[in-house]
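For reference, the structure discussed in these notes is given below.
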Amino acid sequence: MKTQNHPRRSFASDNNAGVHPEIIEAIARVNQGHVIAYGDDHYTERAVQQFQKHFGKDIAVYFVFGGTGANVLGLQAVLKSYQAVICAETAHINVDECGAPEKFTGCKLLSVATPDGKLREEQIKPLLHGVGFEHHVQSGAISISQATEMGTVYKFAEVKALSNFAHKNNMLLHMDGARIANATVSLNTSLRKITGDLGVDVLSFGGTKNGMMYGEAVVFFNQKLASDFKYIRKQGMHLPSKMRFISAQFETLLSGDLWQRSASHSNKMAQLLAQELRQIPQLELTQPVDANGVFFVMPKKLIPEIQKKYFFYVWNEEISEVRLMTSFDTSESDIEDFVALLKRALK
Ligand SMILES: Cc1ncc(COP(=O)(O)O)c(C=O)c1O
């Protein structure tokens with residue numbers, strides 16, 4: 001078995017982090033006796049109540065194993081296969097889900113180039129020309145990621161403008177909230193104010209990147225949209241039998257301030273990292289640092305050397321742009337050490 005003598009933290013992904021100790025405790029706490037499987041248990045009931053506390057009583061919420069499943073099944077529930085999903089070119093559904101959205105929803109993705117990962121009405125309008133014409137896919141949903149894959153965060157007015165536009169054009173607004181906690185603390189708001197209150201119809205609510213072991217939720221802000229979801233989830237292979245272990249994690253994440261604490265620490269570490277990197281003249285930050293991602297261009301030849309100690313991903317080979325992600329467990333000393341290493345290499 002391969003073990004690590006010195007546990008190390010990298011900046012590769014918030015998924016590379018471990019599990020928050022309070023979540024591990026929660027899993028251990030519910031590991032007692034037998035309860036009914038597939039979600040018909042009181043832990044799941046309590047977790048659902050936490051979602052209702054944050055998002056309102058009128059939601060429908062379902063837990064799934066992962067984020068790809070949440071996105072795919074959430075979209076599948078509200079769309080027909082002749083419809084299309086409009087998304088950013090950088091969207092996880094477009095580039096990191098191995099075509100699962102197309103395969104399982106049958107819907108075409110219409111992707112839009114957008115340098116900061118955000119969609120805007122002007123970019124979407126030109127895609128609507130085939131409405132009502134049987135030879136064209138019919139736009140069914142706009143999907144946005146909050147925070148975006150480029151580490152930016154949509155402001156309130158930006159989300160509202162997109163939901164108004166979507167609804168005016170008979171579309172729904174889907175939000176990939178794998179990092180919704182990071183976006184929410186970045187905007188110093190509540191989970192509901194940046195989602196349902198702004199007209200989001202379906203939300204993939206992320207737990208894993210915020211310290212959970214696994215588990216995401218699909219939140220419908222109109223229960224009618226969820227009328228078939230229990231069948232869609234089962235057929236889509238995302239009905240966890242030992243549901244209590246996901247539910248316990250969500251209850252712990254949402255009942256106190258753990259979701260906020262972890263996300264705000266992670267965002268703060270990204271700010272600190274960005275602040276340090278801005279002082280190094282050979283580097284150039286390429287995106288605003290709104291959440292927990294830092295993007296910058298660095299000399300290509302140094303990348304492999306730095307990656308040996310702190311692994312991270314090259315985002316854009318052509319311009320030598322890299323992506324660093326912070327997480328709930330990133331420490332100031334990780335940042336100091338990384339920056340010192342970078343400075344030594346640049347000398
Ligand atoms: C924006 C976004 N959406 C969704 C996901 C969920 O992916 P997974 O299926 O790996 O849980 C990720 C994970 O990297 C992501 O970055």
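As the structure lists them, so they are numbered: ligands from 1, and atoms in each ligand from 1.
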Subject >> T208 to ligand 1, any heavy atom closer than 4.0 Å >> reply: no

Original post:
So is G67 polar-close to ligand 1, meaning N/O to N/O under 3.5 Å?
Top reply: yes

Original post:
With only distance considered, is D176 within less than 3.5 Å of ligand 1 through an N or O on each side?
Top reply: yes

Original post:
atom 9 (O) of ligand 1: which protein heavy atom is closest, and how many Å away?
Top reply: T68 OG1, 2.6 Å

**OP:** Give yes or no for whether the N/O distance cutoff of 3.5 Å, strictly under, is met between S145 and ligand 1.
**Re:** no

Original post:
What are the atoms of ligand 1, with element, lying closer than 4.0 Å to any heavy atom of R179?
Top reply: 16 (O)

Could you list the donor-acceptor pairs under 3.5 angstrom formed between side-chain atoms of residues 55-68 and any protein atom two or more places apart in sequence or on another chain?
none

Subject >> Donor-acceptor under 3.5 Å (S266 side chain, S262 main chain) >> reply: no

Original post:
Any idea which of M325, E149, H92 brings a heavy atom closest to atom 4 (C) of ligand 1?
Top reply: H92

Original post:
Which atoms of ligand 1 sit under 4.0 Å from any heavy atom of N15?
Top reply: 13 (C), 14 (O)

**OP:** Taking the six-membered ring for Trp and the single ring otherwise, decide whether the centroids of F312 and F11 are under 6.0 Å apart.
**Re:** no

**OP:** Please check if the side chain of H265 supplies one atom and the backbone of R261 the other of a donor-acceptor pair under 3.5 Å.
**Re:** no

Subject >> For K209, the ligand 1 atoms whose distance to one of its heavy atoms is below 4.0 Å >> reply: 12 (C), 13 (C), 14 (O), 15 (C), 16 (O)

**OP:** Taking R244 for its side chain and D41 for its backbone only, find out whether a donor-acceptor pair lies under 3.5 Å.
**Re:** no

Original post:
Side chains of T286 and E321: donor-acceptor distance under 3.5 Å anywhere?
Top reply: yes

Original post:
Is there a path of hydrophobic side-chain contacts, each under 4.5 Å between heavy atoms of I, L, V, M, F, W or Y residues, that connects L225 with F221?
Top reply: no

